[in-house]
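We number each residue from 1, following the sequence as shown. Computed from a predicted model, the values in this text were never measured in an experiment.
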Amino acid sequence: MVPKLTFHYNRVWKQKNERNVEMNHYKHITIEERENLLRLLSEGKKIREIAREIGRAASTISRELKRNKKQKEKYSPSKAQFRY
């Protein structure tokens, strides 16, 4: 028998990764996080550094940039939020 899964939409589930950093799961990136992403990118930070500072997985940051940064355009938090 497969256990029944219950999803709680009013709670944010948190889990610590192998570096003991609290990570949010199944939560969309907020406009504030997107603005921080832009700031950190402009400072020349790498994806893993950005992920650590924002508290997200590096793969989440990578996907966000892949989805919302065009080849010749700069990343735009407001455009990314609008597309969401």
Side-chain angles (χ1 to χ4, degrees):
M1 184 170 158
V2 178
K4 190 174 182 180
L5 297 176
T6 306
F7 296 94
H8 298 278
Y9 294 102
N10 294 332
R11 295 184 188 170
V12 176
W13 295 97
K14 294 190 177 186
Q15 174 181 336
K16 293 190 176 184
N17 68 7
E18 64 277 354
R19 291 189 188 106
N20 208 27
V21 174
E22 213 169 68
M23 306 293 285
N24 295 330
H25 290 281
Y26 306 112
K27 184 179 153 206
H28 295 281
I29 295 178
T30 64
I31 187 68
E32 291 84 10
E33 289 172 316
R34 288 185 167 114
E35 289 168 351
N36 283 333
L37 174 56
L38 176 63
R39 179 182 55 80
L40 295 167
L41 279 172
S42 66
E43 291 174 6
K45 303 268 181 159
K46 296 187 175 170
I47 289 177
R48 290 192 183 277
E49 294 170 317
I50 294 169
R52 226 174 285 122
E53 194 158 324
I54 293 177
R56 294 286 189 155
S59 59
T60 301
I61 303 303
S62 178
R63 279 193 306 272
E64 173 70 11
L65 292 172
K66 187 176 181 180
R67 286 183 189 130
N68 296 302
K69 182 181 175 193
K70 303 300 178 203
Q71 217 171 30
K72 295 183 181 185
E73 285 182 23
K74 212 167 78 165
Y75 176 77
S76 169
S78 57
K79 283 183 184 177
Q81 188 71 21
F82 180 75
R83 287 182 189 131
Y84 167 73

To the nearest 0.5 Å, how far apart are NZ in Lys45 and CG in Leu37?
12.5 Å
Could you state the interatomic distance from CG (Leu40) to CD (Glu49), rounded to the nearest 0.5 Å?
9.0 Å
Could you list the cluster mates of Phe82? Members are the ILVMFWY residues connected by side-chain heavy atoms closer than 4.5 Å, either directly or through other members.
none
Go through the steps to decide whether Ile29 and Ile54 satisfy the test side chain to side chain contact (heavy atoms under 4.5 Å, CB included), and finish with yes or no.
CA-CA 10 Å; Ile29 295 178; Ile54 293 177; over 6 Å; no
To the nearest 0.5 angstrom, please state how far the OG1 atom of Thr60 sits from the CD1 atom of Ile47.
11.0 Å
Interatomic spacing from CD in Gln81 to CD in Glu32 - rounded to 0.5 Å
8.5 Å
Shortest non-hydrogen contact between Arg56 and Ile61, atoms and distance:
CB-CD1, 4.1 Å
Do Arg39 and Glu35 sit within salt-bridge range, that is, some charged N less than 4.0 Å from a carboxylate O?
no
Residue pair Ala51 / Ala57: nearest heavy atoms and the distance that separates them:
CB-C, 3.8 Å
Which pairs pass salt bridge (charged side-chain N to carboxylate O under 4.0 Å, His left out) with one or both residues in residues 59-68, sequence neighbours excluded?
Arg34-Glu64
Minimum-distance pair of heavy atoms, taken over all atoms of Tyr75 and Asn68:
CE1-CB, 3.8 Å
Roughly how far, to the nearest 0.5 Å, is CG of Leu38 from CD of Glu43?
10.0 Å
For Lys79, side-chain contact (heavy atoms from CB on, under 4.5 Å) partners two or more places apart
Glu73, Ser76, Arg83
With heavy-atom distances below 4.5 Å as the criterion, would you say the side chains of Leu65 and Leu41 are in contact?
yes
